Amino acid sequence: EKAGYEHFMLKEIHEQATSVHDTFSGKLSELDGSVNLDELDISNEEIRNIERIEIIACGTSLNAGLVGKYLFENLAGIHTDVDIGSEFRYSNPIMDENVLSIAITQSGETADTLAAIRSCRSYDCNTIAITNVVGSSITRDANSVLYTRAGPEIGVAATKTFTAQLIMLYVLAIKFARAKGIMDINYAKDMLVNLKRIPGQIQKILNHREEIRECAEMFAQKRDYFFVGRHLNYPIALEGALKLKEISYIHAEGFAGGELKHGPLALIEDGTPVVAIATKGHVYEKILSNIKEIKAREARVIAVANIDDTEIEKYVDWVLRVPATDELLSPLLSTVVLQLLAYYTALARGCSIDKPKNLAKSVTVE
Ligand code: M6R
């Protein structure tokens, strides 16, 4: 059932070219820049009345939610908060019927996320569940269910379900932006065209996996690993660190580039690998200056950068390449590189990749 792959994780990383496509399939019409989400039980008028979005999730799904915040705020102009399921359920949130709650859970069974979304009912707010499992518990607790179509994920490390969740968040954010009439139609069309190009671009990254493997092997015996990114790439740095620590047992942390000076720089020393997500965008120059700060501490910098970026090579030790896309869509591509980096690091260390110690695929107890 591993279809010739050594591990389910590697198989599932490779399936992303298809699962991303399957998740948006039938939903995008680039001719008029609209998206079609029939399963969404919210009228356009209700969308216009949303004052705040509250995203609730755990683990990798939480990192998808953090990307979602940038999308809903940048595209749809809706203030968005993201909360950890286990924190939200024991807090006293300020909620009312103008808040839209979105639970993200690939399994649909995460106890804390379920409890949190159930508690939202008492505030009369509309709820949406984004899940990969048809008929899972969360589907009974939300007003609308948006299914990602990643197919079954066996590896404990979430990979294809994460990129599928991201796709659903893009589709939803574009839907809201168009319903509010604040997204330029040409921009919407372009974004949909770019979304459709993502599966082919993921395939390109997969085709170059040996370069990522070489890099992973170089640093596989290190004790610590850091990941930095800014803006949308900040949650991708968190996700890169989560993936690495979970399957390779290397101590890994993700930071926002601007936070380095506020503490993390103290940990960076001679030879420490630091992955910097430096794809082109409005914070590119800013991440470059972070890279210089890191290099000044003799760290080894691995940059995730665009194929045509020739400048970056001057400042870093390794460059892992991703095709160029719309700035907002770039997490879909950078993530695949970080998944492969984690996978090949764990492989070089001889770890139990599909079943890491102490972790379960779905966390049904708190
Ligand atoms: O099923 P869920 O998406 O609710 O699971 C949440 C987390 O347990 C999960 O994303 C976990 O962090 C991943 N296995 C990490 O790869």
Side-chain angles (χ1 to χ4, degrees), residues 7-13 15-16 19 23 55-68 82-89 101-118 120 127-142 145-169 227 235-250 252-254 331 335-336 338-343 345-346 351-366:
H7 295 95
F8 281 109
M9 184 180 178
L10 189 62
K11 171 174 177 266
E12 289 157 2
I13 290 173
E15 282 170 347
Q16 291 176 110
S19 54
T23 299
I55 298 180
I56 299 163
C58 303
T60 288
S61 299
L62 180 78
N63 292 336
L66 291 169
V67 174
V82 187
D83 281 294
I84 300 169
S86 55
E87 288 299 315
F88 183 89
R89 67 184 291 195
S101 293
I102 304 178
I104 309 176
T105 165
Q106 72 79 23
S107 64
E109 304 295 346
T110 298
D112 286 320
T113 305
L114 285 172
I117 203 78
R118 280 177 194 146
C120 290
T127 53
I128 298 177
I130 298 180
T131 185
N132 195 47
V133 180
V134 176
S136 57
S137 301
I138 196 97
T139 64
R140 294 190 287 276
D141 288 311
V145 180
L146 302 179
Y147 284 112
T148 50
R149 305 213 184 271
E153 190 176 66
I154 312 295
V156 164
T159 52
K160 61 177 180 169
T161 54
F162 176 69
T163 42
Q165 288 167 345
L166 294 183
I167 290 289
M168 201 49 94
L169 291 165
F227 292 75
I236 298 307
L238 296 179
E239 176 58 10
L242 175 57
K243 222 76 308 172
L244 186 71
K245 75 177 76 151
E246 137 175 74
I247 60 167
S248 77
Y249 316 136
I250 294 178
E253 290 186 53
T335 293
V336 179
L338 303 187
Q339 293 168 348
L340 286 166
L341 188 69
Y343 174 79
T345 304
C351 299
S352 160
I353 294 182
D354 286 332
K355 284 193 173 61
K357 65 182 180 203
N358 306 337
L359 298 176
K361 183 67 185 164
S362 80
V363 184
T364 54
V365 291
E366 65 172 296

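Since the model is a prediction, treat every value here as computed from it, not as a measurement. Residue indices begin at 1 and follow the sequence shown. For ligands, and for the atoms within them, numbers begin at 1 and follow the listed sequence.
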Would a distance-only check, ignoring hydrogens and angles, find a side-chain to backbone donor-acceptor pair under 3.5 Å from [X] to [Y]?
{"X": "Lys160", "Y": "Arg149", "result": "no"}
{"X": "Glu366", "Y": "Ala111", "result": "no"}
{"X": "Ser362", "Y": "Thr364", "result": "no"}

Check your understanding: Does Glu109 approach ligand 1 within less than 4.0 angstrom via side chain, backbone, both or neither, non-hydrogen atoms only?
Key -> neither

Review point. With a 4.0 Å heavy-atom cut-off (strictly under), which part of Glu246 contacts ligand 1: side chain, backbone, both or neither?
Key: side chain

Nearest protein heavy-atom contact for [atom]: which residue, which atom, what distance?
{"atom": "atom 1 (O) of ligand 1", "answer": "Ser107 OG, 2.6 Å"}
{"atom": "atom 5 (O) of ligand 1", "answer": "Thr110 OG1, 3.5 Å"}
{"atom": "atom 9 (C) of ligand 1", "answer": "Thr60 N, 4.0 Å"}

Point to revise | Ala157: numbered ligand 1 atoms lying under 4.0 Å from its heavy atoms | key: 16 (O)

**Study point:** Proximal ligand 1 atoms for Lys243, defined as those under 4.0 Å from one of its heavy atoms
**Key:** 15 (C), 16 (O)

Review point. Which option, Gly59, Cys58, Ser61, owns the non-hydrogen atom nearest atom 3 (O) of ligand 1?
Key: Ser61

Exercise for review: Tell me which one of Val363, Thr364, Leu359 gets a heavy atom nearest to atom 8 (O) of ligand 1.
Suggested key: Val363

Does any N or O of ligand 1 fall below 3.5 Å from an N or O anywhere on [X], backbone included?
{"X": "Lys361", "result": "no"}
{"X": "Val156", "result": "yes"}
{"X": "Gly108", "result": "no"}

Review point. Excluding sequence neighbours, so at least two apart, what forms side chain to side chain donor-acceptor pair (under 3.5 Å) with Lys11?
Key: Glu15

Practice item. Report the residues that fulfil side chain to side chain donor-acceptor pair (under 3.5 Å) with Thr113, sequence neighbours left out, ordered by chain and then residue number. Key: none

Practice item. Verify the distance criterion only: is there a donor paired with an acceptor across the side chains of Thr159 and Gln339 at less than 3.5 Å? Key: no

Practice item. Look at atom NZ of Lys245 and say whether more than 12 heavy atoms of other residues, nucleotides or ligands are closer to it than 6.0 Å. Key: yes

Point to revise | With Thr60, the side-chain hydrogen bond (donor to acceptor under 3.5 Å, both in side chains) member among Lys243, Gln165, Glu246 | key: Lys243

